[in-house]
Structure formats: structure tokens, C-alpha cells
Amino acid sequence: MAVYTHHLPAWKKDEVADIKKHAKEFTLIGLVDMYGIPAQQVQQIRRNLRGKAVIKVTRNTLIEHALGEIGGDTKGLTRFISGHSAVIFSNDNPFKLYKQLEKTKTKMAAKAGETAPEDIVIEKGPTSFKPGPIVGELQQAGIPAAIEGGKVKIRETKTVVKKGAVISAKLADVLVKLDIKPMDVGLALQAAFHDGSLYEPSVLAVDEEKILAQIQLAGQQAFNLSVNAAIPTRETLAAILTKAVRDARGLAIEADVYEKDVIDAIIGKAHRESQAIKSLVK
Amino acid sequence: MEYIYAALLLHKAGKKVDENGVKAVLTAAGVAADESRIKALIAALDGVNIEEAISKAAAAPVAVAAAAP
Amino acid sequence: MEYIYAALLLHKAGKKVDENGVKAVLTAAGVAADESRIKALIAALDGVNIEEAISKAAAAPVAVAAAAP
Amino acid sequence: MEYIYAALLLHKAGKKVDENGVKAVLTAAGVAADESRIKALIAALDGVNIEEAISKAAAAPVAVAAAAP
Amino acid sequence: MEYIYAALLLHKAGKKVDENGVKAVLTAAGVAADESRIKALIAALDGVNIEEAISKAAAAPVAVAAAAP
Amino acid sequence: MEYIYAALLLHKAGKKVDENGVKAVLTAAGVAADESRIKALIAALDGVNIEEAISKAAAAPVAVAAAAP
Amino acid sequence: MEYIYAALLLHKAGKKVDENGVKAVLTAAGVAADESRIKALIAALDGVNIEEAISKAAAAPVAVAAAAP
């Protein structure tokens, strides 16, 4: 791949200058893979990212050229350029951008030879098909179809392709007919440069459930510490008082300290004990 | 708990739950009754509807179980 | 319940739960003790671990509540 | 409950829970301490492992719950 | 917890729960009261409904069972 | 958990939970803050109602306590 | 609660939970740290096994409110 350092035509110079300008305006510069995304969907994605990210589609050579001119560590992005790369700019941090891009993914029909992103399961039950060659097509694709009551029916729920397996031409064809769209299509972040560091997608997929669970745990720990160590805060003092009183009541009931506040409970305890013995005696 | 059982026994027998009664019952059981605890018990029971306290105790566990969704 | 209360009173006071004890306690409470009922009670309690039976009674409702999903 | 609070205050502060201590604490709080109630409290707590009693009570919350409507 | 019990004691005795009161009670219990802890407690008490917190202590265990999903 | 505590500290203090804030807090605590982990945390918290997440937590221990028979 | 989180942060980071540490963390979070509250926190934590205190469930009144049908 040749790198044109001189004699670029004016429009190419403009493209390179545009990338460099954006790189100055945004804190994040990254590469996304546009492979296989229909133009219409690219428009939709751009709309969804408005205000959050800008996508610049241009020739790979020009992207490489611009990255070279920006220089420094940003140049490290060059090695992630692939056949259908576009440049993405954002002021979000790379994790947020990754999240945004994940959200813009939409479901599309599978093409023959594509890999199933998850188990594809056909539910049993009636279909809208009228009896005809479709029954044979379904059966050939491994779907247990039959005619029942003048309608085509799937006899039993079946996993037609496992996650990671290749979708055959026949299956792709019937999936379209069944209106099943198993493919997640969207911009895939190839790499991002932000705040002096290069981020690869492998580190950008954050387990948010885990972080939320940790937030809950931390909240619980702080509450426990405050109450158990009797450290009064505005939020926990009521709970501390309640615990202190509950402990006091518990002690009074356990130790038979006859006080007005707990005499009900002591009578209750005696009653339950008596019931237990009564049930043994009959 | 022996003090409260003495009180419950008197109550169930339809007797007045007072210091003398509790003391007599405890003594019959061979317990060296502590006057101050008897006094405290009678004071705590003053104004308490024992029957009601018992029926609440009987109802509570059912309510707990029923309340669990 | 008077007979049960009397038995538990003796038990809680650390005394032997026997016919004489129950009778003495009931009498002190002004109850006309029925010898045959006392005998039946003592017979029924024979071999029973009262402490265990009581603690099970206290724990049971909690278990019910906790088990309800 | 103020007598219980006084006892727990002393206990949590690592002090001996005795009549003098309870009386001093109650008096400082402006409570006209009743000698007999203090005696009853100390008698009831005699031989009781306070920490254990509290955690035992916490484990059997239904006993407490009986009073709840 | 001794600071908390001092506050509860004052409240129950119908006294104002303030720095002087808490300090006096703790001192009577033989505790070398920490001024900063007293201040923190009094500051946190501002806006807390003590009576409500107390009444929850009796009711809470039922909620425990009900809250278990 | 240090990163989480730092975020919650900022949140409770009414401050914005952002990269600079978390980094400053961690550094002050003597933790060698990892930029990438901070960025990941901030991204994960984006759009999360922290108060709600925490209050769910406050309810949790009760359920846990109830479940342990 | 920010003081509690500061203490938890230092503890989890393996640092000593002392006045200087807490103050530094709070200041970094942009909190105007109150010396007296910090002192109170440190005094309250004295002798406390933090690991144990954070994992021991303390029943939350929040659950009570949530459970009320």
C-alpha cells in the first residue's frame, strides 16, 4: 500500500485535512468496520449517533495518510485498518462509545455462509403458509413441518443451528420466509485512541451487571458498617436506633425482663412454648 | 419464665394476678421468689389484656406466612 | 392450659416435672387439680425433651416465613 | 425500657451491669430510678450472656413479631 | 452503641437529647465520652423521628419475612 | 471495590461522578488508579440511577437474613 | 455516608483508616471535610473489625417501608 506524501489531488488533501480537523476537535478517534451494512442502515446509525459521534467514510489510504500526519501514538491505529474501515470521532470515552455502538446494532436476515450469533430456535406451532412446496423446503432445512387442518405447521420446537455454526443456503432461505432475523448488524469498533491510550474491543466490553452488583454490594457494606459500628449518619441513624431498640427488646424478651413494652411479647413466647408442649401431650 | 407462667396460670384459673398469688404459686413450685421481679411483673401486666396478648401471639405466625408473597 | 403452664413453670424453675409438683402448683393457684389429668400429663411428657420441644416451637414460624418464596 | 437501655449502655461500654451502675445512668438521664425495678432487672440478667441473648432473639424474630399488628 | 443507648435513654425519659445530656449519661456509666462522637450523633439526629424508629423495632421482623422475594 | 467506593463517595457527596473525580479520590487514597478501569466504570454508570441501585441493596440484607434459617 | 465510603475505600486499598487518610480522600472528592465528624468516625471504628462489620447484615428499615402492602 503506497503512502502518498506528495502530489495529492485537491479533494484527497481536503479529505485528509477533514480527518485531522476532527481529530483536533474530539478527544477520541477510532476505527469502525462498515462491512456488510446496507447504506440505509448506515444513515440510521449516523442519526442515532448524532451528538455523540461523527463517522467519516473515506478511502483506507487517506485514513492511513491522515493518521500518519497526526503522528504520535495515534499512528498505532493504522494497523487496525481493514477493507471497510471508517473513522469515528467522539468526546465520549471509548467504553461509552462502545456501548453506544452496541445499542445501534439491529437485527437483519442471515445470508448463506454467515455464522449464527446465537442458537436459532424455531418454535412449534402453526405458520401462515398455505400447503405447497414450502413444506419440503422447511423439511430440507431441518425443520419438522407438516400439513395440519389446511395449514403448514411446525410439529416441534427445534434448534436449527447452534451458535457459531454456519447457516446453510437452504436454511437462510427459509429463515427469510419465516421472517427470522438472527444477525446483529452494526458498526463494530476496531480500535480507539483516547487520552493517550489505545483501546482494543476486547477490553471495551464491560460487564455492566457485575458493576451494578458491586454498587449494590458497596451500598450494603456501607449501610452494614454504619449500623453495626453505630456510626451515625443522616441516612442510617434511624436504622441504628431501630437496631438498638430491637436488640434491647430482644434481650428483655430472652432474659424475661418484665417491662411494659415487651410484656406482650413475653406472654406470646410463653404461649407458643405452651402450645408446643400441649401439642405433644394432646 | 417461671414468673410469667405463674401469672398465666392464675389468669387461666380465673384468679386475680397479683403479688400474693404469683408468690404463692412460685413458692409451691419450690422457687425462692424474687420480690422485685414479682413487683416488676405485676407492674408490667397492669392494664394488659392477657387474653388479647395470647391471641395475638397465636395469630402472628400465620400472618407472617400469609404476608410472604 | 393450666396443667401445661404448671409443668412449664416447674421446668423453667429447674424443678422436676412430676405429679406432686404439678399438683402443688395448681393447688396454690386455686385450681382443683384433677389427679387423672395430672397423671396423663406426666405420662405424656415422659421421655420428652421439653427444652428441645420449646426451641423448635420458637424456630418453626421463622422457617415457614423463610421458606415461602 | 429505660432500665434495659441503661443495662445495654453499661454492657456495650464494657462496664459491669450492676445495681449501682444502672442507678447512676438512670439518674444522670433524669429518671427517678425505682430500686425495685433495678433489682428485678439485675436479677433477670443474672447468669444471662447478654450478647448471646441478643443474637438468639434476633434469630427468632417471630417472638418479637407477635406484638406487630 | 453506648452513645445510641444514651440517646434512647434520654428520649425515653422525656428529656431533650442534646450534647450535655448524652455526655452526662455516658459519664455516669463510666465512659470517657468522645465529644466528636456526641456531636456527630446529635447532628445526625436532626430530622430523625426517634419514636418512629423505635416502633419499627417491634414491627420489623414481620417485614423481614414479607420482604423475602 | 475501591473504584466503586470512590464513585459512591462522589455520588453521596453530591459531586459529579466522572473520570477526574474518581481518579482524584483514588489517588488521595493511595491507590494507583488505572485510567482504563475508571473509564469503564464511568461508562457503565452512564444512565444508571445510583440511588436506586443502592436502595435496592439496603433491602437485600434483610432478605438474606430471613432466608438463613 | 461519604465518610463511611472514605473509610471503606481506605480499608479496601489496604491503607490505615486514620484522620489524615479520610481527610485527604474527602478533600480530593471536593468535600469540605468536617474535622469533628472525621474524629468521630475514627473513634467509632476503633476496635471494630471492618471486614466483619460490612458483611454482617444489619436489617434495613427501607425494607419495612418497601414491604408494607
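Numbered from 1 within each chain, the chains take letters A, B, ... in sequence-line order.
The structure places OG1 of A:Thr127 at 7.5 Å from CG of A:Leu178, a figure rounded to the nearest 0.5 Å. With rounding to the nearest 0.5 angstrom, the CG atom of A:Leu204 is 8.5 Å from the CG atom of A:Leu97. Expressed to the nearest 0.5 Å, how far CG of A:Leu49 lies from NZ of A:Lys103 amounts to 10.5 Å. Separation of atoms OG1 (A:Thr159) and CD1 (A:Ile120) is listed at 10.0 Å; rounding is to 0.5 Å.
Ranking A:Ile240, A:Thr233, A:Thr236, A:Ile231 against chain E, the residue ahead of the rest is A:Ile240, based on heavy-atom pairs under 4.5 Å.
Looking at A:Asp261, only its side chain comes within 4.5 Å of chain E, counting heavy atoms on both sides. Neither the backbone nor the side chain of E:Asn49 comes within contact range of chain A; no heavy atoms are under 4.5 Å apart.
Remark: A:Glu102 engages A:Lys105 in a salt bridge, criterion side-chain N to carboxylate O under 4.0 Å. With respect to the salt-bridge test (charged N to carboxylate O, under 4.0 angstrom), the residues A:Glu148 and A:Lys124 do not qualify.
Along residues 34-43 of chain E, the residues that come nearer than 4.5 angstrom to chain A, judged on non-hydrogen atoms, are E:Arg37, E:Ala40, E:Leu41, E:Ala43 in order of number. Using a 4.5 Å cut-off between non-hydrogen atoms, no part of residues 22-33 of chain E approaches chain A. Within residues 11-21 of chain E, the residues approaching chain A closer than 4.5 Å by heavy atoms are, in numerical order, E:Lys12.
At least one side-chain heavy atom of A:Leu241 sits under 4.5 Å from a side-chain heavy atom of E:Ile4. Between A:Leu101 and A:Ile88 the shortest side-chain heavy-atom distance falls below 4.5 Å. Proximity of A:Glu235 to A:Ser226: side-chain heavy atoms (C-beta onward) are nowhere separated by under 4.5 Å.
A tilted orientation is assigned to the rings of A:Tyr199 and A:His194, their planes being inclined by 30° to 60°.
Between A:Lys163 and A:Pro117, the closest heavy-atom pair is CG-O, 3.6 Å. The two atoms that bring A:Ile154 and A:Leu138 nearest to each other are CD1-CD1, 4.5 Å, heavy atoms only.
Take A:Glu114 and apply the salt bridge (charged side-chain N to carboxylate O under 4.0 Å, His left out) test, not counting sequence neighbours, and it matches no residue.
A donor-acceptor pair under 3.5 Å is formed between the side chain of A:Thr242 and the backbone N or O of E:Ala53.
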